[in-house]
Amino acid sequence: MTRRMFSLGALAAVGTLPFSLRGATRRAALRLKLGVISDIHVPSHERSNWFRAALRTFDAERVDGVVIAGDLGFKGVFAELKVVADVWNEVFPKGQRSDGEPVERLFITGNHDVDGWFYHRPEWPKVNATPDPATVTESYVFNRAKMWPELFGEPFAPVVLKEVKGYTFVLNHWHSRMLKEKDPLPDFFRAHGRELAGAKPFFFVQHNHPQGTCYAGLTDGVIEGWGTDDAGLATPWLAAFPNCIAFSGHSHFTLTDERSIWQGAFTSIGSSTCPSGAMASALPGRDNFGWSGDREAVGCVNTDLPKQGMIVEVYDDEIVIRRRDFRLGAALGPDWVLPWPIARGRPYAIESRRATCPPPRFPTDVRPCVTERKTEKGAWLDVTFPPLHGSASAARALDFSVRLEVRTADVARVAQEKRVYSVGALLPEGQDVAVNRCAFARSLVPFRWQARAVVTPYNTFGTPGVPIASNWTRYDPLV
């Protein structure tokens, strides 16, 4: 049995084991170990607990470096970044783990750190604001050359080269869109591109996703900088380096979604979020995510729970990426295992995975249940159905189409359709156990017509599975 087969087939058995134990049977030498998080958004010491928990996990895992792919704070002020520095120094005093070995800080800034000084102002989203003197004094973007060394003990540069145990990291800080700063990547790659070429992996870190990679077609930005991708700034440069592994954040998307990893001309991985508050983003169009959910009509996803990140292990023959929830101490899905050198294959190419992954299917004895409910706001038809887990050969089904169909005589039509996440879509699969609920107004069923519910599961590549349907039922007139 290969390590890959074990990772997939035994996920349920090992999902809550410490990651160091899960990798203990590997025979190849471990060359580098990283902790990776993004979008921690730490506003104060009082709300730094999950950032601290992630760092303590990384300390226990004996990582050699910690990547934060941007958005350290909210408003781009010195006080927020000072909290990040303080918590880092608390867990890793003098840049050392608890066993005395060094750990490298691989942080970049994101849009909130650089342009967040303007987001809370009434002029937003106009992009030609003039900062007042107090803003200039307290905001990081106007004082980077002074604040970054004071906070982190190293000079600031728009793009930074670091080396950890012989592996190169390219750290691309957010350049200000508010101040119309020049993109630094062209000059950087012209100067350093030759240093990065070869079979050995190097790691590129920026805040927003390189366009056309992870979540491509789902999150592309129209205006450079304000979408969740970078509008094509990095991709043309990275495409020249098949040995590049890029980490990015910004979108806050969940690591339970298999589209978080992309392999093409290079490898690109979305780093999700380990936020001080709730998880803020999801694929558009779902009716039950976060603040946008109608709790009367759907069972909403609990966005307060997820605190996600990764542990990355680099071996000579493969790179293993372990997805983790820091609050729950559990694996978020099967390990991603990249054969190395990259010439050995790209198993996480999205199109090939989409083509070969079978559509999701409920057990043959499962049907949605439809029940009537009356509230002060009116009468409802509640459609309930169980979550649908994946397997070693099928990607997990995270979301569903739920249709209310009505018919009379030889006429049938869709009265309404909703698209909803599984209530536990952001959780480790073993904890995605809550029954899903989607409600439709009882008034959608015309007098003397029949109705039924049809639920279609979608895997994380957007492939629809086999629908299940309730029986046709005639409902009494509303009184």
Do the charged groups of E80 and K75 touch, with an N to O distance under 4.0 Å?
no
Say you draw a straight line from OG1 of T267 to CD1 of I319; how long is it, rounded to the nearest 0.5 Å?
7.5 Å
Can a salt bridge be assigned to the pair D432 and R396 using a cut-off of 4.0 Å between side-chain N and carboxylate O?
yes
Worked verdict on W117 versus V77 for side-chain contact (heavy atoms from CB on, under 4.5 Å):
CA-CA 7 Å; W117 63 273; V77 295; 5.8 Å; no
The single option from E61, E101, E104 passing salt bridge (charged side-chain N to carboxylate O under 4.0 Å, His left out) against K33:
E61
Using 0.5 Å steps for rounding, measure from the CZ atom of F142 to the OG1 atom of T137.
10.0 Å
Please report the shortest heavy-atom distance between V423 and G299, naming the atom on each side.
CG2-O, 3.7 Å
Any sub-3.5 Å donor-acceptor pair from N459's side-chain atoms to T463's backbone N or O?
yes
From L72 CG over to I40 CD1, what is the distance, rounded to the nearest 0.5 angstrom?
5.0 Å
Short side-chain to backbone donor-acceptor contact, R327 and D304, under 3.5 Å
yes
Exam field: side chain D317 to backbone W340, donor-acceptor pair closer than 3.5 Å
no
Kindly give the heavy-atom pair with the smallest separation between V141 and R144, and that separation in Å.
O-NE, 3.3 Å
Enter the distance from T168:OG1 to K162:NZ here, rounded to the nearest 0.5 Å.
13.0 Å
Any chance the rings of Y215 and W262 have centres within less than 6.0 Å?
no
With L106 as partner, the option from V164, V205, V36 fulfilling side chain to side chain contact (heavy atoms under 4.5 Å, CB included) is V164
Could you measure the distance from the OH atom of Y421 to the CG atom of N436? Nearest 0.5 Å is fine.
13.0 Å
Search all heavy atoms of L55 against all heavy atoms of F92 and return the closest pair with its distance.
O-CZ, 3.6 Å
Applying salt bridge (charged side-chain N to carboxylate O under 4.0 Å, His left out) to R31 and D316, what does each step give before you reach the verdict?
CA-CA 7 Å; R31 301 298 185 185; D316 288 334; 2.7 Å; yes
Could you walk me through whether V170 and L161 satisfy the side-chain contact (heavy atoms from CB on, under 4.5 Å) test, starting with their C-alpha distance in whole Å, then the side-chain angles of each, then the deciding distance to 0.1 Å, before giving a yes or no?
CA-CA 5 Å; V170 179; L161 270 175; 3.8 Å; yes
Going by the salt bridge (charged side-chain N to carboxylate O under 4.0 Å, His left out) test, which pairs reach into residues 195-212, not counting sequence neighbours?
none
Axial cation check for F118 ring with R177, 6.0 Å and 45° limits
no
Between D132 and T135 (side chain of the first, backbone of the second, donor and acceptor by atom type, cut-off under 3.5 Å), is there such a pair?
yes
Could you tell me whether the side chains of H209 and S248 share a donor-acceptor contact shorter than 3.5 Å?
yes
Which residues pass the salt bridge (Lys or Arg N to Asp or Glu O under 4.0 Å) test with D64, not counting sequence neighbours?
R97, K165
Among side-chain atoms of D86 and H45, is any donor-acceptor pair under 3.5 angstrom?
yes
Flag, side chain of T235 to backbone of Q211, donor-acceptor distance under 3.5 Å:
yes
By salt bridge (Lys or Arg N to Asp or Glu O under 4.0 Å), which residues pair with K182, not counting sequence neighbours?
D187
Partners meeting side-chain hydrogen bond (donor to acceptor under 3.5 Å, both in side chains) with T460 (sequence neighbours left out):
none
Using salt bridge (Lys or Arg N to Asp or Glu O under 4.0 Å) as the criterion, list what pairs up with R47, not counting sequence neighbours.
none
Only pairs at least two apart or in different chains count here, so list each salt bridge (charged side-chain N to carboxylate O under 4.0 Å, His left out) that has a residue in residues 244-270.
D257-R259, E258-R323, E258-R353
Looking only at heavy atoms, which two atoms of A54 and C274 are closest? And how far apart?
CB-SG, 4.2 Å
Non-neighbouring partners of D183 that pass salt bridge (Lys or Arg N to Asp or Glu O under 4.0 Å), sequence neighbours left out:
none
Contacts of F107 meeting ring pair (Phe, Tyr, Trp, His ring centres under 6.0 Å) (sequence neighbours excluded), chain-then-number -> W88, F152
Any donor-acceptor N/O pair, Q308 side chain to D325 backbone, under 3.5 Å
no
For L426 versus N302, what's the shortest heavy-atom pair and its separation?
CD1-O, 4.3 Å
Candidate list N288, D399, T456, test side chain to side chain donor-acceptor pair (under 3.5 Å), partner R419, passing option
D399
Nearest heavy atoms of L238 and C244, plus distance in Å
CD2-SG, 3.9 Å
Just jot down the ring pair (Phe, Tyr, Trp, His ring centres under 6.0 Å) partners of F202, sequence neighbours excluded, or say none.
F241
What about the rings of W50 and H41, do their centers lie closer together than 6.0 Å?
no
Test item: side-chain donor near acceptor, T109 and H173, under 3.5 Å:
yes
Going by distance alone, is a donor N or O of one side chain under 3.5 Å from an acceptor N or O of the other, for T213 and S268?
yes
For a quick check under 3.5 Å, do H250 and D71 share a side-chain donor-acceptor pair by atom type?
no
side-chain contact (heavy atoms from CB on, under 4.5 Å) between H175 and L233: does it pass, once the steps are laid out?
CA-CA 12 Å; H175 63 279; L233 296 182; 3.9 Å; yes
Sidechain-backbone polar pair: Q263 side chain, Y348 backbone, donor-acceptor under 3.5 Å:
yes
N-O pairing of D99 and R62 below 4.0 Å
yes
Under the 3.5 angstrom rule, does the side chain of N243 hit a backbone N or O of I342 as a donor-acceptor pair?
no
Between F51 and V84, is the side-chain contact (heavy atoms from CB on, under 4.5 Å) condition met? List the steps.
CA-CA 8 Å; F51 175 46; V84 174; 3.9 Å; yes
Contacts of type ring pair (Phe, Tyr, Trp, His ring centres under 6.0 Å), residue H192, not counting sequence neighbours
F188
Please check this pair: side chain of T256 against backbone of A425, looking for a donor-acceptor N/O pair closer than 3.5 Å.
yes
Taking side chain to side chain contact (heavy atoms under 4.5 Å, CB included) as the definition, give me every residue that meets it alongside P275, ordered by chain and number, with sequence neighbours left out.
T273, K307
R105 with E154: basic N within carboxylate O range, under 4.0 Å
yes
With rounding to the nearest 0.5 angstrom, report the CG to CG distance, N208 to D229.
7.0 Å
Set of residues satisfying ring pair (Phe, Tyr, Trp, His ring centres under 6.0 Å) with respect to F326, sequence neighbours excluded:
F58
